[in-house]
Amino acid sequence: MGFKEMVAADISAVFLNPSEFGEIHKLDGNECVCVIYGDSTTARNAALPEGRVTPTGLHGDFVTVCVKASDLGREPKQGTNFTVDGKRYTVDSCTNDMGMLTIVLGAYRMGAPGR
């Protein structure tokens, strides 16, 4: 078994294994085993490079979804809508690393945080 085959096997057997990290969620209408983690505007801005922050007056919820590319069926494009468990987000970015999609999503709203 080569390196690429070992990575492909680890995606399902380790990273997305429901007994380890994986959970079942509905992603854009498809039930998939994935890993989801999120943060708020404040936490996201602290992690971004200097100069790349959420504009003043906009706040939101941000999630990163890791899912097997073949389970989702398509690679979401930047700027398109994407739903996670029925909540609509906008795709900030999507990368495909050896069959694992990492999708960064944002749900923006106007006003003060927590509203």
Side-chain angles (χ1 to χ4, degrees):
M1 180 182 287
F3 178 72
K4 288 183 180 181
E5 291 82 15
M6 289 188 323
V7 169
D10 282 349
I11 287 174
S12 295
V14 178
F15 303 120
L16 297 178
N17 182 338
S19 298
E20 300 291 337
F21 304 109
E23 298 176 328
I24 296 175
H25 290 274
K26 196 164 192 175
L27 305 178
D28 239 15
N30 303 303
E31 279 198 2
C32 301
V33 177
C34 59
V35 174
I36 297 177
Y37 54 96
D39 54 29
S40 65
T41 304
T42 306
R44 181 174 188 264
N45 284 344
L48 289 172
E50 188 174 333
R52 287 203 58 214
V53 296
T54 302
T56 303
L58 278 183
H59 301 278
D61 297 317
F62 304 94
V63 295
T64 300
V65 177
C66 297
V67 63
K68 191 173 177 180
S70 61
D71 287 351
L72 192 56
R74 69 173 181 85
E75 194 169 311
K77 302 295 180 207
Q78 182 180 15
T80 61
N81 290 330
F82 190 91
T83 59
V84 176
D85 297 328
K87 183 173 180 178
R88 190 177 72 168
Y89 292 89
T90 300
V91 177
D92 286 342
S93 67
C94 179
T95 56
N96 187 336
D97 293 315
M98 300 180 75
M100 174 79 82
L101 294 179
T102 302
I103 310 165
V104 180
L105 304 165
Y108 299 93
R109 62 184 181 279
M110 297 290 289
R115 290 181 132 182

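Numbers for residues simply follow the sequence, beginning at 1.
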Closest non-hydrogen atom pair between Pro76 and Cys94, with its separation = O-CB, 3.4 Å

Heavy-atom pair of closest approach, residues Lys68 and Met100 = N-SD, 4.3 Å

Considering only distance and modelled atom types, tabulate donor-acceptor pairs under 3.5 Å from the side chains of residues 25-34, sequence neighbours left out.
from, atom 1, to, atom 2, distance (Å)
His25, ND1, Asp85, OD2, 2.6
His25, NE2, Glu23, OE1, 3.1
Asp28, OD1, Thr83, N, 3.0
Asp28, OD1, Thr83, OG1, 3.4
Asp28, OD2, Arg74, NH2, 2.2
Asn30, ND2, Leu72, O, 3.3

Among all residues two or more places apart in sequence or in another chain, which pass the side chain to side chain contact (heavy atoms under 4.5 Å, CB included) test with Thr80?
-> Lys77, Val91

Thr64: side chain to side chain contact (heavy atoms under 4.5 Å, CB included) partners, not counting sequence neighbours | Tyr37, Thr102, Val104

CD of Gln78 to CG of Asp92, rounded to nearest 0.5 Å, is 7.0 Å

Atom pair OG1/CD of Thr95 and Glu75 - distance to nearest 0.5 Å = 8.0 Å

Find out whether Val35 and Phe15 are in side-chain contact, i.e. whether some heavy atom of one side chain is under 4.5 Å from a heavy atom of the other.
-> no

Side-chain contact test, heavy atoms from C-beta onward, threshold under 4.5 Å: evaluate it for Thr90 versus Asn81 and give yes or no.
-> yes

